[in-house]
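Notes for the one structure printed next.
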There are 2 protein chains.
Amino acid sequence: MSWRKEQRRAERGYHHGNLKEALLQAALGLIAEKGAAGFTFADAARMAGVSAAAPYRHFRDRDELLSSIAQRGFEQFEARLTAAWDDGRPDTVTAFERVGKAYLAFAREEPAFYNAMFESGLPVDANPALQAASERAFNIIRAAAERLAALAPPGTPRPPAMMMALHIWSMAHGVASLFSRGDAARRKLPMSPDELLEAEVLIYLRGLGFPTDRRPPAKGAEPPPVPPEASSGSGVPPGGTPGGPWGKPK
Amino acid sequence: MSWRKEQRRAERGYHHGNLKEALLQAALGLIAEKGAAGFTFADAARMAGVSAAAPYRHFRDRDELLSSIAQRGFEQFEARLTAAWDDGRPDTVTAFERVGKAYLAFAREEPAFYNAMFESGLPVDANPALQAASERAFNIIRAAAERLAALAPPGTPRPPAMMMALHIWSMAHGVASLFSRGDAARRKLPMSPDELLEAEVLIYLRGLGFPTDRRPPAKGAEPPPVPPEASSGSGVPPGGTPGGPWGKPK
DNA sequence: CGGCTCATGTAAAAGCCGTTCACATGAGCT
DNA sequence: AGCTCATGTGAACGGCTTTTACATGAGCCG
C-alpha cells in the first residue's frame, strides 16, 4: 500500500507547496475529459497527490472550485474577445466578425472552461465575483455592438446597441452549444460552425441595414462609404452580394 | 420504524403496479427543482415509495431514466412545434415566429424536459432512439424553413433552407439558454426573451430579403417609443428612429 | 539556535449515492 | 393448487463529500 503515496511524499514533503493551483489544473483536465458533471473533488485531490480532505483547506467545497474555474474562464474569455475586437480594427464589421469567431474558438479550444462557465449549472448570480467577470466579458460584445450601431447607415433607424449585443451573444452561444462542442458537434452540418455563425451574423447585420459585402477595405478611413441609395421604407435593403453571405464557392 | 413504509405497503401492496411511470414523474419533478445534475435515483425511488433497488427493474441505470425523460421531452417538443407551425397558417412568416415563441415557451414551461434534453450532458448520439426523436423535432423547424425559403422574393438569391433552419435553431436555443431559464434569466434585460427572439428573427429574415413588416397597419400610427433604454454610452438620440422590428408599440 | 504558532495536510468517520445480488412476494397461467 | 416469472426488498460494496481531531513543519520572534 501507499507505495505511490510514500513516493509522492518523498518528492514533495508533507506540504504540497502549491496545492491550490495544482487542484485547479487537475480539475481543468478532469472537466475537459469528463465534463463538469463527472468531475470529482476526490479525483482532483488524487491527481495532485494529496488526501481527499486536503482540498478543503483551499476551497469551501466542490462548487467553489468549480466557480473558481468558471471565473478564470470568464477572464480568459474576456481577454480573447478583447484581443479579437482589437478596438474595431481594421474596420468595425471585420472586427465584429472576428469576435464571433473568437467566441467559437474559445468554446472549441477551451472546453473545460466553457463547460464550467455555461454548462455546469452553477448559480452564476449567486457569486458576485463570478457574475462580475461574466459581465465584463459580455461588455466586450456590448462595446463592439455600440460601435457598430453608431455606424448605422443614415436613413435607417439606429438599432439599440444592447439589443444587438444580446442578439449576437445568443447566436454565438447557440451555435457553440448546439454544434461546436462534444457530441452535438457530430450532427452532420452543411457547413462548419464557424461558417454557420459568420453567415448568421452577416445576414443579421444586413437585416439591420449594414452593408456587409466589405472587401479588403482601403487602409485608413473607417466607414465604408454608404451607397446613398434610397431604400424603400419597408423594403429590403438592396442586397448587394449576389450569392448572399452564404454562397461561398470556397 | 417504517411506519410510513408499512402504510405505503398497505396502500399499494408489495407490488407498486405502475412504478415505471411513477419514477418518470418523480424524476421530472426532481429535475425541475434541482436540475438534472442534482437529481438522484434514490430520491426518485423514495418519492415513489419503493426501495432504492426497485428502479433497476425498470431502468438499466440512472442515465437510462434520464434518457427516457429526454426522449419524452423531444416528443412533446415536437408536438408543440408542430402545433405552433400549424402548417404555415395563416401566413408563413407569422407561423414561423409562432414556432420561435413555442420554442421559448417550452423552455420556460417545461424546464425539467428542457434540462434533460439540452443541459444534462447526455450523449445524445449514443442513443439512437433519442437522436431520432431529437431529429424529428428539428425537422419541424427544417420544414418551416423550407417553406419560408421557397418564398424568397424574386430577384433575391434563395437561401438554403437547411442553413436557415440551423440559424433559427441556434437563435432560439441561444436565447433560451442564456436568458429564458433559471438563474441566467435574472440578467436585467432591456426586453423580454420573447421580444428579444422575435426581433432577432425578424431582423434576420429581413437580412434574407423577406418583407417583415406585415402588421395590421391601422391603429395608432406612430409613436416609436425608444426601445427599453439600456445603453448608457453612445446613447440613441431620443428623436426619430422609426421603429424597426424591435420598436414594438404593442 | 529553541520554541511558538498557524497554515496546511492526514486519517477516520458519518452520511449519501449508485449498483449488484440473493431472496421474497404475489399476479397470472395451467 | 401449484408453478413461474416479473417485480420489489434488504444487505452489502465501493466511491464521493464533508467534518473533525490530530500531525507536520515553515516562518517568525527572541
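Chain letters run A, B, ... following the sequence lines, proteins first and then strands; every chain starts at 1.
Within 4.0 Å of B/Gly38, counting heavy atoms only, lies no atom of the nucleic acid at all. Contacts of A/Ala42 with the nucleic acid, taken as non-hydrogen atoms under 4.0 Å apart, involve only primed sugar atoms and P, OP1 or OP2. As judged by a 4.0 angstrom heavy-atom cut-off over every strand, A/Tyr56 is placed among the base-contacting residues. Within the nucleic acid shown, B/Ser51 comes within 4.0 Å of at least one base atom, counting heavy atoms only.
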Applying side-chain contact (heavy atoms from CB on, under 4.5 Å), run through A/Arg147 and A/Asp87 and close with a yes or a no.
CA-CA 9 Å; A/Arg147 280 273 283 281; A/Asp87 207 33; 3.5 Å; yes
Please step through side-chain contact (heavy atoms from CB on, under 4.5 Å) for the pair B/Asn127 and B/Leu122, ending with a clear verdict.
CA-CA 9 Å; B/Asn127 183 337; B/Leu122 274 183; over 6 Å; no
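For B/Lys20 and D/dA6, the NZ to C1' distance is 13 Å, given to the nearest whole Å. Remark: P of C/dC16 and NZ of B/Lys34 are 12 Å apart, rounded to the nearest angstrom. C/dC6 atom P lies 14 Å from atom CZ of A/Arg57, rounded to whole Å. B/Arg46 places its CZ atom 12 Å from the C1' atom of C/dG18, with the value rounded to the nearest Å.
A/Lys34 pairs with exactly one of A/Thr40, A/Asn115, A/Asp43 by the side chain to side chain donor-acceptor pair (under 3.5 Å) rule, that one being A/Asp43. Considering B/Tyr114, B/Trp169, B/Tyr103, B/Phe138 as possible partners of B/Phe77, the one that fulfils the ring-ring contact (aromatic ring centres under 6.0 Å, His included) test is B/Tyr103.
With sequence neighbours excluded, the residues that form a side-chain hydrogen bond (donor to acceptor under 3.5 Å, both in side chains) with B/Gln25 are B/Glu21.
Listed by residue number, there are no residues of residues 59-69 of chain B with a heavy-atom contact under 4.0 Å to DNA chain D.
Which of C/dG9, D/dG8, D/dT19 sits closest to the side chain of A/His16 comes down to C/dG9.
For the pair A/Ala53 and A/Asp43, both in contact range of DNA chain D, the more 5′-proximal nearest nucleotide belongs to A/Asp43.
A close approach under 4.0 Å does occur between a side-chain nitrogen or oxygen of B/Thr40 and OP1 or OP2 of C/dG18. For C/dA7, the OP1/OP2 oxygens have no side-chain nitrogen or oxygen of A/His58 closer than 4.0 Å.
Taking 4.0 Å as the cut-off between side-chain N and carboxylate O, B/Glu146 and B/Arg142 count as a salt-bridged pair.
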Under 3.5 Å, sequence neighbours excluded: what are the donor-acceptor pairs made by side chains of residues 105-112 of chain B?
from, atom 1, to, atom 2, distance (Å)
B/Arg108, NH2, B/Asp194, OD1, 2.7
B/Glu109, OE1, B/Arg80, NH1, 3.4
B/Glu109, OE1, B/Arg80, NH2, 2.9

